[in-house]
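Have a look at the structure below, then the notes.
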Amino acid sequence: MSSAVSDFIRNRIRDDIENDVVDDSIVTRFPPEPNGYLHIGHAKSICLNFGVAEEFGGKTYLRFDDTNPLKESEEFVESIQEDVRWLGFDWEDRLTFASDYFDQLYGFAEQLIQEGRAFVCDLSADEIRATRGTLTETGTNSPYRDRSVAENLDLFRRMRAGEFPNGSRVLRAKIDMASPNLNMRDPVLYRILHAEHHRTGDSWCIYPMYDYTHCICDALEGITHSLCTLEFEDHRPLYDWVLDNISINFHPPQIEFSRLGLEFNVMSKRILTSLIKDGHVEGWDDPRLPTLSGLRRRGVPPEAIRDFCSRVGVTKQANLVETSLLDFCVRSTLEDTSPRAMAVIDPLPVEVINFDDDDVMLEAPNHPKVPELGHRQLSFGRNLFIERSDFRETASKKQRKLTLNGLARLRYGFIVECVEVKKDAHGEPVELKVRYVPESRSGQDTSGLKPRSTLHWVSSANAVSAKFRLFENLFNVREPGGDDLGEELNPSSKIEQDGLVERVVVEDEWDRCQFERNGYFVKDSDSTSTAPVFNRIVSLSSGIR
RNA sequence: UGGGGUGUAGCCAAGCGGUAAGGCAGUGGGUUUUGAUCCCACCAUGCGCAGGUUCGAGUCCUGCCACCCCAGCCA
């Protein structure tokens, strides 16, 4: 795990603490909208918000930004909590919802109306769009902009009372239709939505907009540093305007940082949702997805994600991080903690023709460097399996494989010499005949032989069959998200193979482990008691094979 | 061509006027019964470009250029 983190936000917080800009301790918040599952981009924000609070002795709220009942649901509030907890963060009693503040939000809106800073507008959505102007042209004032305070108040109260249909009126801030910042052109504060809210039920039929809600909730919760992503930079003047124009005695600073981009992945909720809806993946927890539930099912430990987030840093620069960094973080957290075993994913039968006795038991350490992980018994007998790709009929200088008439060591077992290859009609090897060297037993080898390669293997007596799922990038373009998503998908992002694994892994229900030379694996939730399924979390680094 | 941002190695990223940290990737070597791990070494005379200020500029000034975001009654 990497040590002391430093970035422009932490530097700013440190300064604020030193200069007594914050009275007490710092307060942050992670404010997801419960309309989808969290992904690794959210993890960056979670690690930042909870991380700085831990580092500087502060508190963090988990606040659901639930102001749009049309898109939000309880399913998502539950999955989000599960994911944040899984990442290893604790909001204690600071679980809140924007909807907790609906009454106060409404009160502040009436205050804005009383002071002539907001008005009820009867323009349709299309008309508002048409009068907003463009990037280069100013907008024009709504004809309803100069309604009296009394009329505005009356109308707003009747909006709340449910007298008007959806879309018929909105409450707008009275700012400046000529502002070069489109967000300041009399933005909508409240809209009419006759919809059931997952928390407040049918007690409201008007709902506040994000820009109006977020800053007030931040202020109400005493957030000392309101951290968000770059696309909200243009919203900051509005964030400040709202707080400057209501009676509230706290004004958090909004500080923006860049989103995480990960090569060959998409973070957009829209695209993620459509991948699932169109059946390109099997759900939010598909192991190929960068969702936290997908990564969890893939077998990625939360520590690896936190390490990754600290290594990518926090800046305002647009970024597209290479997947090799995530892979590195996963391997390095698994390296010292995962017990080893052997699995043969694509088995080639091997008969040891000079082995006539009962199987012999061999002892193998579960980790080459961590004796605390224990050891296990391997049986070695006449009928074995090796990886099909570990045999090649003729030797080559570059490859380290078992060849006809060549030698190889079977890891923690004996050295064998291949004496015959049986092939099918296509010339493909279907079985090997080998002789083992009795005096080459692992740990007490007196043979003097030094084969170039060591292979993983299982014996038929010691193995059970299993399915192995091998994953590649879901997309075959570095930055997916073009018009034709189907064109960008990697057709071989998921490959399932039937193979064999040491019995002990299944019987003792090992969690994550390394199958030597094949990578790190975890048992998938699709496993049954008779048919285990293993996901490859990540391969070992190297390349060849 | 309005506004807001950002440019340091293949990818991230330090740097705050005193002579380019670190990580990932890559390359070479050592150890190794996992082509793993581990260890060592190498990897920007140059910081988007062009001028200027200064004894000295990635850091300051001026002018360009490139890229990202914004025209939801989404967040």
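Numbers restart at 1 for each chain; the letters A, B, ... are given by sequence-line order, proteins then strands. Side-chain atoms are counted along with the backbone in the values below, which use heavy atoms only and exclude waters and symmetry mates. None of the values given here were measured: they were computed from a predicted structure.
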Quiz item: Can you tell me how far P in G17(B) sits from the matching atom in C42(B), rounded to whole Å?
Solution: 30 Å
Quiz item: Just how far, in rounded Å, is P of C39(B) from CD of Glu335(A)?
Solution: 11 Å
Self-check item: Pairs involving residues 308-344 of chain A, ordered by first then second residue, that meet ring pair (Phe, Tyr, Trp, His ring centres under 6.0 Å) (sequence neighbours left out)
Solution: none
Quiz item: Is it the case that more than 12 heavy atoms not belonging to Glu231(A) sit under 6.0 Å from its CD atom?
Solution: yes
Exercise. Check salt bridge (charged side-chain N to carboxylate O under 4.0 Å, His left out) between Arg411(A) and all other residues, then give those that pass, not counting sequence neighbours.
Key: Glu516(A)
Quiz item: Between the side chains of Arg29(A) and His214(A), does any donor sit under 3.5 Å from an acceptor?
Solution: yes
Exercise. Determine the Euclidean distance between corresponding P atoms of G58(B) and A50(B); express it in Å to zero decimal places.
Key: 13 Å
Practice problem: May I have the distance from Arg409(A) (atom CZ) to G35(B) (atom C1'), rounded to whole angstrom? | Solution: 17 Å
Quiz item: Any side-chain N or O of Thr315(A) under 4.0 Å from OP1/OP2 of A13(B)?
Solution: yes
Practice problem: Inspect the surroundings of NE2 in His375(A) and state if more than 12 heavy atoms from other residues, nucleotides or ligands are less than 6.0 Å away. | Solution: no
Quiz item: Within the structure shown, what part of the strands sits under 4.0 Å from Gln514(A) by heavy-atom distance: base, sugar-phosphate, or nothing?
Solution: base
Quiz prompt | Interatomic distance where CG belongs to Leu325(A) and C1' belongs to C24(B) [whole Å] | solution = 5 Å
Quiz item: Between Glu137(A) (CD) and G3(B) (C1'), how many Å, whole number?
Solution: 15 Å
Practice problem: Could you tell me which residues satisfy salt bridge (charged side-chain N to carboxylate O under 4.0 Å, His left out) with Asp202(A), sequence neighbours excluded, listed by chain and number? | Solution: none
Quiz prompt | Residues in salt bridge (charged side-chain N to carboxylate O under 4.0 Å, His left out) contact with Glu196(A), at least two apart in sequence or another chain | solution = none
Self-check item: Asp346(A): partners by salt bridge (charged side-chain N to carboxylate O under 4.0 Å, His left out), with sequence neighbours left out
Solution: Arg388(A)
Quiz item: Rounded to whole angstroms, how far apart are CG on Asp336(A) and P on U34(B)?
Solution: 16 Å
Quiz prompt | Pairwise P distance, U1(B) and U8(B) [rounded to whole Å] | solution = 22 Å
Exercise. Send over the distance from Arg536(A) CZ to A36(B) P, rounded to a whole Å.
Key: 15 Å
Practice problem: Taking atom types as modelled, find out whether Asp445(A) and Ser447(A) have a side-chain donor-acceptor pair closer than 3.5 angstrom. | Solution: yes
Quiz item: On a whole-Å scale, what distance lies between the C1' atoms belonging to G4(B) and A71(B)?
Solution: 14 Å
Exercise. For U59(B) versus A9(B), give the span between their P atoms, rounded off to a whole number of Å.
Key: 15 Å
Exercise. Using the P atoms only, state how far G51(B) lies from A57(B), rounded to an integer number of Å.
Key: 14 Å
Exercise. Looking at every strand, decide which applies to Tyr412(A) at a 4.0 Å heavy-atom threshold: base, sugar-phosphate, or nothing.
Key: base
Quiz item: With sequence neighbours left out, what residues match Cys228(A) under side chain to side chain contact (heavy atoms under 4.5 Å, CB included)?
Solution: Phe232(A), Gln254(A), Glu256(A)
Practice problem: Pick the C1' atom in A21(B) and in A13(B), then give their distance to the nearest Å. | Solution: 10 Å
Self-check item: All stems with RNA chain B, defined as three or more consecutive Watson-Crick or G-U pairs under 3.5 Å
Solution: B:2-7 with B:65-70, B:10-12 with B:22-24, B:26-30 with B:38-42, B:48-52 with B:60-64
Practice problem: Select from Asp445(A) and Tyr520(A) the residue whose nearest nucleotide in RNA chain B is closer to the 5' end of that strand. | Solution: Asp445(A)
Quiz item: On RNA chain B, nearest-nucleotide positions of Gly443(A) versus Leu326(A): which is more 5'?
Solution: Leu326(A)
Quiz item: Residues two or more places apart in sequence or in another chain: which of them pass side chain to side chain donor-acceptor pair (under 3.5 Å) with Arg169(A)?
Solution: Asp122(A)
Under 3.5 Å between N/O atoms: give me all the protein pairs with nucleotides 7-10 of chain B, atom names plus distance.
| unit_1 | atom_1 | unit_2 | atom_2 | d |
| --- | --- | --- | --- | --- |
| G7(B) | OP1 | Gln317(A) | OE1 | 3.0 |
| U8(B) | OP2 | Gln317(A) | NE2 | 3.3 |
| G10(B) | N2 | Glu322(A) | OE1 | 2.9 |

Exercise. Apply the side-chain contact (heavy atoms from CB on, under 4.5 Å) test between Pro451(A) and each candidate in Val416(A), Val437(A), Leu402(A), Leu407(A); give the one that qualifies.
Key: Leu407(A)
Quiz item: Got a donor-acceptor pair under 3.5 Å from the side chain of Arg331(A) to the base of U37(B)?
Solution: no
Quiz prompt | Ser541(A) side-chain N/O to G35(B) phosphate OP1/OP2 under 4.0 Å | solution = no
Self-check item: pair Glu263(A)-Thr323(A): side-chain heavy atoms closer than 4.5 Å
Solution: yes
Quiz prompt | P spacing across the pair A36(B) / U32(B), given as an integer number of angstrom | solution = 14 Å
Quiz item: Leu407(A) CG to U33(B) P: how many Å, rounded?
Solution: 16 Å
Exercise. Report, as a single string ordered 5' to 3', how protein heavy atoms within less than 4.0 Å touch nucleotides 67-75 of chain B: B base, S sugar-phosphate only, - not at all.
Key: --BBBSBSB
Practice problem: Could you state the atom-to-atom distance from CZ of Phe8(A) to P of U59(B) in whole Å? | Solution: 21 Å
Self-check item: Distance-only donor-acceptor test, Lys316(A) side-chain atoms vs U6(B) base atoms, 3.5 Å
Solution: no
Quiz item: Going by modelled atom types, is there a donor-acceptor pair between the base of U1(B) and the side chain of Thr136(A) at under 3.5 Å?
Solution: no
Quiz item: Quick one: OG on Ser338(A) to CG on Asn366(A), what's the gap to the nearest 0.5 Å?
Solution: 11.5 Å
Quiz item: Taking only residues two or more places apart in sequence or in another chain, which ones pass side chain to side chain donor-acceptor pair (under 3.5 Å) with Asp240(A)?
Solution: His251(A)
Could you run down the sub-3.5 Å N/O contacts of the protein with nucleotides 29-32 of chain B?
none

Exercise. State, with a plain yes or no, whether a side-chain heavy atom of Pro237(A) is found less than 4.5 Å away from one of Asn183(A).
Key: no
Practice problem: Could you classify G72(B) for me, syn or anti, using a glycosidic angle within 90° of 0 as syn? | Solution: syn
